[in-house]
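Worksheet: one structure, shown below.
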Amino acid sequence: AGRRCSRRMGRTRWRAAETHKPQLVEDVRRDPDYMTTDENVHSEVAVPVACGDDALLVLDAEFIGRAFTAEEAETVQAEAARLEAELDQS
């Protein structure tokens, strides 16, 4: 299930939506846009899913206590691409 996030609380997600580029944040403590809601989160992958020229949603994964692996980042990006393809067909 999705949830809406305000610009104030979801700046990494908004950055993904506005730039239309995946945001791969290996250490959220070093990202000035990251707003801490859980002190245990160490890294985040935020990937926009577009419909036409607009980012319709952002697929976001946060990783507790560790950085994400390259494979995990690729999996999130592949799922976002799959969702985009589904939207393009509808």
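Heavy atoms only: backbone and side chains are in, while hydrogens, waters and symmetry mates are out.
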Under the 3.5 angstrom rule, does the side chain of D54 hit a backbone N or O of L56 as a donor-acceptor pair? no
Indicate the atoms forming the closest heavy-atom contact of P48 with H20, along with that distance. CG-C, 3.6 Å
Not counting sequence neighbours, which residues clear side chain to side chain contact (heavy atoms under 4.5 Å, CB included) with A80? List them please. V47, V49, L59
Return the set of residues passing side chain to side chain contact (heavy atoms under 4.5 Å, CB included) with A81 (not counting sequence neighbours), or none when no residue passes. none
Look up atom CE in M35 and atom CH2 in W14, then write down how far apart they are to the nearest 0.5 Å. 15.0 Å
Would you mind listing every salt bridge (Lys or Arg N to Asp or Glu O under 4.0 Å) that reaches into residues 80-90, with sequence neighbours excluded? E79-R82
Which atom names give the shortest non-hydrogen contact between D60 and A46, and what distance separates them? OD1-CB, 3.5 Å
What pairs with E26 under salt bridge (charged side-chain N to carboxylate O under 4.0 Å, His left out), at least two apart in sequence or on another chain? none
Connected via hydrophobic side-chain network under 4.5 Å: V45 and I64: no
Whether the side chain of T36 engages the backbone of E39 through a donor-acceptor N/O pair (distance < 3.5 Å, no angle test) should be reported. no
What distance do H42 atom NE2 and R66 atom CZ have between them, rounded to the nearest 0.5 Å? 10.0 Å
Using the side chain to side chain contact (heavy atoms under 4.5 Å, CB included) criterion, which residues pair with T19? Sequence neighbours excluded. R15, K21, Q23
Can you tell which of T12, D27, L24 makes a side-chain contact (heavy atoms from CB on, under 4.5 Å) with E44? T12
Could you name each residue pair satisfying ring pair (Phe, Tyr, Trp, His ring centres under 6.0 Å) that touches residues 51-75, not counting sequence neighbours? F63-F68
